[in-house]
Each structure stands twice: as structure tokens, then as C-alpha cells.
Amino acid sequence: QVQVLESGGGLVQAGGSMRLSCTVSGGSFTSITVAWFRQAPGKEREFVAGISWFPGRHAHGDSVMGRVTISRDNAKNAVFLQMKSLNIEDTAVYYCAATEIVAVHQTTDRYPYWGQGTQVTVSS
């Protein structure tokens, strides 16, 4: 059973940076594609970024393009989301999701494994 766990959320001032971590256990991490989604109150869950187990394959959502970097450390079974130039619109619960599919899909239905989410709040 694949389990996903996020960490690193919290409160940050506008213009600041934050790093989120996601660890995946219970599966073969080197065959796992991992993505970050976020959901603000009253809004649908939105794709932020994803990274495939296949080297060089990653994607970013339009709303965060140029402000986030996604990376993975296979030795630690972990994926990291580095965010910068945060603004109030980035406030949301951030979810980590995993799948064995090699492509980085931007829809939630392609990810069967989800974490509980971590709150990111950007203050003005």
C-alpha cells in the first residue's frame, strides 16, 4: 500500500519562499510519478507541479510558472516543491499525490494515492 505524507507548510509573508516535502512509502519510489496540487477555499483542486520517475519529465501549472521548482531525491523517497515570490493567491492546502503512470498528468483522477495535505498561508 503506497502512502504519501506532506510536510513543510505554514505561514509566510507575501514575497517570501517556502519548501514543501513529500515522502512516499510502500511502493517502488523509482517507479512513482509525484505531483503537487492545491486547493483554496471554494475552489477546485489545481495542479501545481509534477515530476516523473522517468528522468527529465516534469511539468508546472500556469499559475505558478517561473515561481516553483520541483525536484526529487530517490535515495530519500522524497519530492520537494520549492516556491518563491509567494502571494496571497497561493494560500491553499497543498496536496501531494502519487501514481505509477510515467507521464505527469495535471488532473486529479490520474493519481490514486494522496496525502492529507498541508496548509500554506501567505499573509500580506
Side-chain angles (χ1 to χ4, degrees):
Q1 179 72 16
V2 175
Q3 294 184 319
V4 180
L5 181 64
E6 308 95 338
S7 62
L11 179 66
V12 62
Q13 286 191 328
S17 300
M18 180 171 285
R19 187 195 199 208
L20 303 180
S21 300
C22 173
T23 56
V24 180
S25 61
S28 177
F29 188 74
T30 53
S31 299
I32 296 284
T33 290
V34 178
W36 286 94
F37 290 80
R38 68 184 183 183
Q39 189 165 21
K43 295 187 177 181
E44 292 187 353
R45 200 162 293 192
E46 172 190 30
F47 175 79
V48 177
I51 186 165
S52 171
W53 55 262
F54 194 90
R57 291 191 182 185
H58 53 83
H60 299 80
D62 291 340
S63 63
V64 298
M65 193 72 69
R67 298 191 296 119
V68 303
T69 301
I70 189 168
S71 61
R72 65 189 292 153
D73 184 337
N74 288 340
K76 297 181 178 179
N77 285 12
V79 168
F80 307 101
L81 184 70
Q82 180 69 48
M83 303 184 289
K84 65 179 181 180
S85 302
L86 289 165
N87 55 61
I88 294 175
E89 288 71 35
D90 294 314
T91 296
V93 177
Y94 284 69
Y95 296 92
C96 183
T99 179
E100 288 91 349
I101 300 173
V102 63
V104 180
H105 291 278
Q106 300 191 17
T107 56
T108 58
D109 63 316
R110 306 308 294 266
Y111 296 86
Y113 311 110
W114 289 83
Q116 294 299 307
T118 185
Q119 176 71 46
V120 173
T121 302
V122 183
S123 64
S124 60

Hey, does the side chain of Gln13 reach the backbone of Ser123 with a donor-acceptor pair shorter than 3.5 angstrom?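 Checking the backbone N and O of Ser123 against the side chain of Gln13, no donor-acceptor pair under 3.5 Å is found.
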Has the side chain of Tyr113 got a donor or acceptor atom that lies under 3.5 Å from a matching backbone atom of Val24? no
For [X] and [Y], which heavy atoms make the closest approach, and how far apart are they?
X	Y	answer
Val79	Arg72	CG2-CB, 3.8 Å
Val104	Ala59	CG1-CB, 3.9 Å
Gly66	Lys84	O-CE, 3.4 Å
Ala92	Ala40	CB-N, 3.8 Å

Can you tell me how far CG of Asp109 sits from OG1 of Thr99, rounded to the nearest 0.5 angstrom?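 Rounded to the nearest 0.5 Å, the OG1-CG separation comes out at 10.0 Å.
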Going through the distances and angles, do Val93 and Thr118 end up as a side chain to side chain contact (heavy atoms under 4.5 Å, CB included)? CA-CA 5 Å; Val93 177; Thr118 185; 6.0 Å; no
Would a single hydrophobic cluster contain both Val68 and Ile70, if residues Ile, Leu, Val, Met, Phe, Trp and Tyr are joined by side-chain heavy-atom contacts under 4.5 Å? yes
Strictly by modelled atom types, are [X] and [Y] linked by a side-chain donor-acceptor pair under 3.5 Å?
X	Y	result
Arg38	Ser63	yes
Thr91	Glu89	no
Ser71	Gln82	no

Assess Arg45 against Tyr95: is NZ or CZ under 6.0 Å from the centre of the six-membered ring, and within 45 degrees of the ring's axis?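 Satisfied, under 6.0 Å and within 45°.
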Under the criterion side chain to side chain contact (heavy atoms under 4.5 Å, CB included), I'd like the reasoning laid out for Ile51 against Thr33: C-alpha separation, chi angles, the key distance, then a yes or no. CA-CA 6 Å; Ile51 186 165; Thr33 290; over 6 Å; no
Parallel, tilted or perpendicular: which fits the ring planes of Trp114 and Phe37, with parallel below 30° and perpendicular above 60°? tilted
